[in-house]
Structures are given as structure tokens and as C-alpha cells.
Amino acid sequence: MGTPNGDVRKKKEEEEEAAKLMEQEYQDKKEEEEEEEEDLNAVWRFRISEPLRERLKGKGIESLFPIQAITFDTILDGSDLVGRARTGQGKTLAFVLPILESLTNGIAKASRKTGYRRPPSVLVLLPTRELASQVHSDFELYGGAVGLTSCCLYGGAPYQSQEIKLKRGVDIVVGTPGRIKDHIERENIDLSQLRFRVLDEADEMLRMGFVEDVELILGKVENISKVQTLLFSATLPDWVKHIAAKFLKPDKKTADLVGNTKMKASTNVRHIVLPCTTSARSRLIPDIIRCYSSGGRTIIFTETKESASQLAGFLPGARALHGDIQQAQREVTLSGFRSGKFMTLVATNVAARGLDINDVQLIIQCEPPRDVEAYIHRSGRTGRAGNSGVAVMLYDPRRSSISKIERESGVKFEHISAPQPHDIAKAIGREAAEMINQVSDSVIPAFKSTAEELLKNSGLSVVELLAKALAKAVGYTEMKKRSLLTSMENHVTLLLEIGKPIFTATFAYGVLRRFLAEEKVEAVKGLTLTAEGSGVVFDVPAEDLDTYLAGKDKASSVRLEVLTALPRLQEKDQSRGGRFGSGGPRRGGFGDRSVGSRFLGGRGGSGRNVRFSSDRFSNNGGIGRGRGIRSGKRWIVGLDF
Ligand SMILES: Nc1ncnc2c1ncn2[C@@H]1O[C@H](COP(=O)(O)OP(=O)(O)OP(=O)(O)O)[C@@H](O)[C@H]1O
């Protein structure tokens, strides 16, 4: 039994505790309210009705993204609009939400057709089937909340079910131009009563040669003054703006969140370039995935359908997606990728636009795409909705150029070389550790005595032995050397300098022939001039490295160095005028010129430096421009040093 004093104290403590709790609750609520008040884009601030708000909340959306907030009132109040925002910034909901509100509570409500066999009020045109299906599912989700129905029309799928839906009557039609035109010709669809026409990824649709189809489809509207036209994309080249003038009213509004800002690609993405020859690609890609995918999904883009299929066949657990694959299979593949059944998708540009797939952490582009728009959209499949991601673009400096894409996209590429054994070991070590953590403790007794014996006989420490076990668990039993330049296994990258600029590859080969046997010169791979023109880099087989370096006594003024980091390289288009012109090596056009060091990762203290010295190679003044004369099988270079 407690004393009266004790009871009083206890009661007082309880009262104090309750007061503290109330104070805390009050503070929390106040903070919440303040936060909401500060959030100018909070959903409740917009004319969004309760059912839609609830659906948004269910999707974790409490606040509109900038492109949505900026365009919402404009669309709801009836204007035509051109909208542009970077990839993954929520352009889909920027038109879905105001369209649904307008049809159910806004100005389009009165004129919207209702009832059985009603013609659609909304038409959304997209360039690919996958994208049409994705946008359609947003209309299903949010439109369903306000009693509006939708259907999706794209090629490769049977006509019948699409016809049935159209005949019954739908409010919203989403689809690709080809199939919609077919339905018009079959008189399945009446577009005369449209209240909204949306061109999503407009530039791609027009680029794909759908201009005439799009014009025909849009022209089916009866009363142009009653229809609102919206055009969205992350990229809007000028030629699209001219075409847009044809479809949109003269008083249209523009919301351009990219505009003249330098950076046109996603700012949430790490943009990386990596030199790599075509032949080294398939061996390099698995290691890029290991080192940069953070265990998430990867999309690899190839230029052709054939190489997409080939690469998917080569990479374990990868699937291909391209236009030659049957539509039903395309759907299975995409849904398997979305649901995480497999983590690597190898695709052509069919997957470049608009696709919004959760947890895509890494994009690999096997070579630079033909235009900057493709780069922007492909790399934009990661880093969506405020998340971060990595986009790695492979390129062969002798065949392709990255500076045009860099210049036009505003991206500042990070230059890296192929993941080296220690990078890969680190990445797969984590995988192995995870695998081991998942093994049940129940197996320990059965393996314990063997483990003890192994440790005793190994002469290694516990950590060293465990490191070996981790390596074995993921099949990594040999440390292979991989070149920085071509990414070929068991090759090393060398830098050759002669104390003077080197203008041509031919000239460099001539230098090599002075101290190497012909078969060793022929074994040199990927010889490329450095961007600043003072040397060349090339790969040699690791096993012959000493032979390459052994000529050191024969030459002077020649430096041969085993590289640990790759310098900037001269690209294909830079050779015009640079390699063959009469001026010095070209400057400019390469990213950050202000970086004093020629070497991206620093000079790499551990690089082996070899200086050749011989009178034959001593510099007597002027240097040849590398005008070689072909003699028999060999190039004789006009060396005047
Ligand atoms: N207000 C919001 N809050 C949180 N997430 C959002 C919001 N709006 C959209 N999202 C999510 O952001 C992601 C990207 O949206 P969306 O696909 O519309 O981007 P986009 O701008 O059309 O990209 P792209 O140019 O690549 O087509 C989607 O997963 C979407 O659900």
C-alpha cells in the first residue's frame, strides 16, 4: 500500500506526463499544419475534387509537381497548352488531372456526351503501344474515381475487344495513331465530339512519320472552338513548335520548365561515358551492372533490334524488347520487368520514351544515339519522380562522338574507364555477403568441423579465408586485367608521348615501329589520340607488356606509360581539321577545358613510367605533320626528329 505522500507524487507525475503528451501532440499538429501551409503545391490548394484527392493520396501524392501545378488552372480554365518538363517530372498527371476535373466539375462538363454509345470526349495520342498502355492505366485509375471510362487502342492487339468498347461508349480514348486511324476507317469511332485532344511525346510521334495520320485524326473534330488541345514532351525541337501552331489555337499558353536552361536532360541522373569497343561490350556490361545498378533494374539500349536480341541472349536473366517481337510477348516482357521477375531489359528506342518503371537504377546505352532527344529520353528512364539514377553511355572514340550530345543536352559527362577487378570485387563482394547472410544458421553445425580444419590448414587468417569463400560464392576466382581503353580483358592501356604533339595515328604507328617488331605493332589495339594532342593511347596484351616496355634503351624523348586512369581522348568528329588539317591538335569542344589535368582520375601515382632514350628519337626541332608514304605493307612516316 502506498503512503498518502507517495500517491500524491504519483498523481502529479501522471498529470505532468499527460500534459507533456498533449503539448507534444499540439506541437506535432502545428508543425504539420505549418508544413502544409508552406507547401504551395499541396493537392488541397487546387480545384481537385475529393474522389481524385483520395486516389492521389492512395498513391502517396500529397503535393503536385511543378509542371502539374503550373499548368493545372490553365488547362482547367480552357486554354490550349504546350507543356515541357524534364523526364520523370510528372507530365502525365499534368494533363490527366485537369482533364478529369474539367469533364466532371468544370467547363467541359455541360457539353460532355454521356450515355450508351456515347462518343469519346478525350483523345490521347502516343507514339508507342507500351506508352499508350501506361497512360491508359492512369486514366483508368483516376478516371474510375470520378466515373469516367477509358479504352486503349493500339496495333498488334485484336480489334474485336477494342470495337466492343468503342461501340458501348467510352469517355477517354488513349492510343497510337496507326490503330486509331484504322478504327476511323472502319467507322468504329466518332471523334466529332472531342473536348480534349492530347499529343503526348509529340515530337516522337511526328518524327516517326505520323504527321499525316495525326492531322487526319485531329481533323475529325466538328467544332474546333470547343476542343482543347494539349501537347507535352520533355523535348520540343523547333520544328515541332511550328507544327504545333497548326493544331493549337493562336492564344495557346506555353509552360516550358526546360526552356533555354543549359541542362535539358534529367538533373537527377549521373551521366557517365565509358570508352568501349563493340567486341568488349558484352563482357563489360555485366560488370557495369554489378558496379552501378545498386541492385535495382537496368535498361540497356541498343541501336538495332538484332543487337537487342543478341545481347539479351548473352546476358543471364535479361529479356529483349523491340518492334519485331509479337505484341503479346512485348506485354509479358514489360510486365515481367515491372514486377521484378527479371532485372535487365535490353531494348531499342521502343522503350526510350515515357516508360515509367519503378526502381530502374541504371541505363546503359551501347553507343551514342543519333540525336540528342533520344539521349535525353533514354537516360530519363531512371532518376524519375525525384529519385536518383545512373546513365552510362558506351562509345568507341574512333567511331563515334559524344561531344555533340554533350553540347546539345547540356550534360556534363563524367568520364570513367571500365570497372577494374577491385571495383567489381567490391560490388560482387556485397552480393556474396548478402547471399551468405541469407543462409540459415542451422547449417553451421554440419559444416563447422570442415571449416575449422580448412582454417587450420590454410595458413590464412579468418578474414582472408572468408574473403576467398565470398569470391568463390559468386564465381569470382581469378583477377583478370581489363584495359581502360577498349575494356578488353587481359589487356593494359599504354600512353605514348614524344615530347611534341602527335597529330595522326599513322605518325604514332611509325614511332612504334622504331622500337617494336611488326607483329607487336600489329597487336596494338584501339590506338587513339589524346584530346589535347600530346600523345596516343593504345592497348597491348598484358602478357607482352614487358616486350613493349623493353625498347626503352633504344629511344630518347619517348615516354611510354602504363596508365591507371584514362586521359580525355580525341573523338571521331574532332579529327576533322585536327588530325589532317594543317593546324595543331584541336582544342575546344570537349567538356571541361578548365581542368588542368589531362587525366580524369588524376595522374595515378602508381602508373609505371618508362622513358626511352636514344639519339634516333632525339628531337631535332620541327615535327612532321604525319604525312605518311605507303611503302609495301608499312607506313613510313615523315619523321623529322
Ligand atoms: N505529384 C506527384 N508526386 C509524386 N509522384 C508523382 C507526382 N506526379 C507524378 N508522380 C510520379 O512520377 C513518375 C513520373 O511521372 P511521368 O511518367 O508522368 O513523368 P513524365 O514527365 O511524363 O516523364 P517522361 O518525360 O519520361 O515521359 C510516375 O511514377 C508518377 O506516378
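First listed ligand is number 1; within each ligand, the first listed atom is number 1.
- Phe65 CE1, 3.6 Å is the protein heavy atom nearest to atom 10 (N) of ligand 1.
- With atom 15 (O) of ligand 1 as the reference point, the heavy atom nearest to it among Gly90, Ala85, Gly383 is part of Gly90.
- Numbered from 1 in the order shown, with element, the atoms of ligand 1 that lie under 4.0 Å from a heavy atom of Leu64 read 1 (N).
- Taking only nitrogen or oxygen atoms, main chain and side chain alike, Gly88 reaches within less than 3.5 Å of ligand 1.
- At a heavy-atom distance under 4.0 Å, atoms from both the backbone and the side chain of Lys91 approach ligand 1.
- Donor-acceptor pairing under 3.5 Å is recorded for the side chains of Glu331 and Gln327.
- Proximity of Asp356 to ligand 1, defined as any heavy-atom pair under 4.0 Å, is confined to the side chain (atoms from C-beta onward).
- Ser307 and Thr304 share a donor-acceptor pair across their side chains, judged by distance under 3.5 Å alone.
- Contacts between Arg353 and ligand 1, counted as non-hydrogen atom pairs separated by less than 4.0 Å, are absent for every part of the residue.
- Only the side chain of Arg381 comes within contact range of ligand 1, with a heavy atom under 4.0 Å; no backbone atom does.
- Applying the 4.0 Å criterion to heavy atoms of Ser63 picks out, from ligand 1, the atoms 1 (N), 2 (C), 3 (N).
- To the nearest 0.5 angstrom, Arg297 atom CZ is 10.5 Å from Thr344 atom OG1.
- Counting only residues at least two apart or on different chains, the salt bridge (charged side-chain N to carboxylate O under 4.0 Å, His left out) pairs with a member in residues 380-392 are Asp356-Arg384.
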Decide side-chain hydrogen bond (donor to acceptor under 3.5 Å, both in side chains) for Arg47 and Asn105; before the verdict, give the C-alpha distance in whole Å, the side-chain angles of both, and the deciding distance to 0.1 Å.
CA-CA 9 Å; Arg47 288 172 280 165; Asn105 299 303; over 6 Å; no

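- Between Thr87 and ligand 1, no pair of N/O atoms sits closer than 3.5 Å.
- Listed here is the closest heavy atom pair of Leu321 and Ala351: CD2-CB, 4.1 Å.
- Ranking the protein heavy atoms by distance from atom 17 (O) of ligand 1 puts Arg384 NH2, 2.9 Å first.
- Not a single heavy atom of Lys59 lies less than 4.0 angstrom from ligand 1.
- Under a 4.0 Å criterion applied to the non-hydrogen atoms of Glu201, ligand 1 contributes the atoms 27 (O).
- Taking every non-hydrogen atom of Ala385 and a distance limit under 4.0 Å, the qualifying atoms of ligand 1 come out as 11 (C), 12 (O), 13 (C).
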Distance-only donor-acceptor hits, side chain of residues 86-94, under 3.5 Å, sequence neighbours excluded:
residue: Arg86; atom: NE; partner: Met263; partner atom: O; Å: 3.0
residue: Arg86; atom: NE; partner: Ala265; partner atom: O; Å: 3.1
residue: Arg86; atom: NH2; partner: Thr261; partner atom: OG1; Å: 3.3
residue: Arg86; atom: NH2; partner: Met263; partner atom: O; Å: 2.6
residue: Lys91; atom: NZ; partner: Ala85; partner atom: O; Å: 2.9
residue: Lys91; atom: NZ; partner: Arg86; partner atom: O; Å: 3.1

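- Near Gln89, meaning under 4.0 Å from one of its heavy atoms, ligand 1 places the atoms 19 (O), 20 (P), 21 (O).
- With a 4.0 Å heavy-atom cut-off, ligand 1 is reached by the side chain of Gln68 but not by its N, CA, C or O.
- A donor and an acceptor atom, one from each side chain of Arg319 and Gln329, are nowhere located under 3.5 Å apart.
- The shortest side-chain heavy-atom distance between Arg118 and Asp171 falls under the 4.5 Å cut-off.
- A donor-acceptor contact under 3.5 angstrom links the side chains of Tyr375 and His271, judged on distance only.
- One side chain, Gln162 or Arg179, offers a donor N or O that lies under 3.5 Å from an acceptor on the other.
- Close contacts of ligand 1 with Thr92, meaning ligand atoms under 4.0 Å from a residue heavy atom, involve 16 (P), 17 (O), 18 (O), 22 (O).
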